[in-house]
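Notes follow the structure.
Excluded from the calculations below are hydrogen atoms, water molecules and symmetry mates; all remaining heavy atoms, backbone and side chain alike, are included. Predicted, not measured: the structure shown is a model, and the values here were computed from it. Naming: A, B, ... by sequence-line order, numbering from 1 per chain.
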Protein chains: 2
Amino acid sequence: MNANAPTSEHIVKSYDEELHRLTGEIQRMGEIALAQLDAAIDAVLERDSDSARKVVQSDAAIDTLEHDVSHDVVRLLALRQPMARDLREILAALRIAADIERIGDYAANVAKRSIVLNQSAPVQLAYALPRLARLAENLVREVLAAYRENDADRALEAWTRDEELDEQYTGLFRELLTYMMEDPRNITPCTHLLFMAKNLERIGDHATNIAENVYFLVHGTQIAQTRRKGDATSSLSTIDDPR
Amino acid sequence: MNANAPTSEHIVKSYDEELHRLTGEIQRMGEIALAQLDAAIDAVLERDSDSARKVVQSDAAIDTLEHDVSHDVVRLLALRQPMARDLREILAALRIAADIERIGDYAANVAKRSIVLNQSAPVQLAYALPRLARLAENLVREVLAAYRENDADRALEAWTRDEELDEQYTGLFRELLTYMMEDPRNITPCTHLLFMAKNLERIGDHATNIAENVYFLVHGTQIAQTRRKGDATSSLSTIDDPR
């Protein structure tokens with residue numbers, strides 16, 4: 001690594017290369033997380049426990065990549081002295097990698113719970129979950145594209161769209177409670193569906209975190225707008241009264 | 001900040017001061033998060049919605065502190081060129097602050113859901129929650145002490161104790177499902193209790209993350225042991241069959 005009397009040019013070139021490698025690793029992590037989410041939802045739809053098990057097992061690959069990213073970040077920070085935008089880039093990489101790792105965890109947890117769902121009769125509402133999942137997937141895909149292209153506007157647009165996911169989640173939450181009340185046999189499967197839906201809602205939150213990091217990376221300032229983020233079901237007292 | 005021709009001694013002293021300030025901020029964050037968790041649980045026990053609302057509002061203070069920590073980390077990385085142990089220290093600070101911020105979020109969510117619980121008749125199992133909460137609190141307190149004292153053994157000991165929290169959570173999860181099956185009127189409050197219990201289980205996970213960071217900080221290696229971490233209820237197919 002040009003350890004013997006490196007020229008300034010060498011250092012700069014190598015630094016760019018390393019940064020490029022780092023963002024490449026993160027894109028790869030993101031693609032794996034998306035593929036995992038996709039496979040998890042297919043497994044839910046097709047009631048395919050074998051596929052679901054593969055998703056659970058494959059989560060380790062994302063964890064390994066996150067470990068690699070952290071390692072590269074430490075090395076970059078130690079060997080170079082990044083300033084301003086470069087430093088923002090590296091810290092954003094660290095944070096975005098952590099968010100992708102969490103997205104992978106949630107996808108794996110969806111798959112894990114689908115295995116349990118397959119042990120009982122199909123629950124009609126299992127089919128509402130993929131709709132929520134597609135919204136979550138699109139958000140993740142958008143923020144990863146925004147990160148790849150350094151596009152703060154695209155990040156901001158995705159950020160605002162998380163609200164749609166939250167609304168769909170709240171709707172599904174209410175429906176699941178109704179099912180549980182109609183028939184006690186629905187309680188166990190619907191509880192798993194509740195947690196699966198919650199996982200998807202959390203994936204949306206992590207996508208907005210990534211969007212915030214991309215925005216900060218490009219502009220050096222935080223997203224100024226505020227909007228209610230997160231889970232409105234925390235304050236659902238009855239299924240008819242959301243506040 | 002000694003910008004005019006600083007002596008080497010000045011830089012070193014100031015660096016230590018800044019690092020000290022950083023870890024001080026994190027301890028303060030941790031104490032606030034613990035106080036928040038304590039207040040949230042008191043609010044649950046006493047069915048005190050006003051106190052619960054205060055907890056929800058106070059969460060912003062932790063978020064602000066985490067922002068300060070991130071800011072200080074960026075400054076430390078930019079102005080100094082930390083290596084080896086110093087760099088580990090700074091990265092650990094960044095990660096531990098993020099974990100504490102999440103713990104604060106979960107405490108606030110427990111408080112938020114308790115407000116909803118207070119709108120319906122008391123659910124007996126609301127009283128099982130504080131037991132779980134005390135376990136979570138103890139874990140957080142232990143890992144913060146381990147961080148303060150640079151005590152990897154203490155961190156490791158807390159890390160292994162998360163299993164107890166997971167077991168208690170699984171037991172409560174089963175009990176809550178039973179209650180829901182007994183009487184449909186229990187479904188909405190017990191769903192909130194399920195999510196509150198899940199929040200406490202997640203607080204335990206973040207405490208183990210902190211423990212892992214303390215261990216790494218001291219030894220420069222990962223905790224070698226492995227144990228099943230997290231939520232066994234993901235694979236609870238019936239309340240009698242945990243696997």
TODO: Taking the side chain as every heavy atom from C-beta outward, state whether B:Gln222 and A:His67 have any pair of such atoms under 4.5 Å apart.
DONE: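 Contact flag for B:Gln222/A:His67 side chains = yes.
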
Task: Contact origin within A:Leu94 toward chain B - heavy atom pairs under 4.5 Å - done: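 Just the side chain, heavy atoms under 4.5 Å.
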
To check you understand the geometry: which heavy-atom pair defines the closest contact between [X] and [Y], and what is its length?
| X | Y | result |
| --- | --- | --- |
| B:Arg95 | A:Ser70 | NH2-OG, 3.0 Å |
| B:Ile187 | A:Met180 | CD1-O, 3.3 Å |
| B:Phe173 | A:Thr191 | CZ-CG2, 3.7 Å |

Task: Part of B:Ile115 within contact of chain A (heavy atom distance under 4.5 Å) - done: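 Looking at B:Ile115, nothing touches chain A.
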
TODO: Against chain A, label B:Leu176 side chain, backbone, both or neither, depending on which of its atoms sit under 4.5 Å from a heavy atom there.
DONE: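 Neither; nothing under 4.5 Å.
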
Open item on the list: What residues of residues 54-64 of chain B make heavy-atom contacts with chain A at a cutoff under 4.5 angstrom?
Closed with: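 None at all.
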
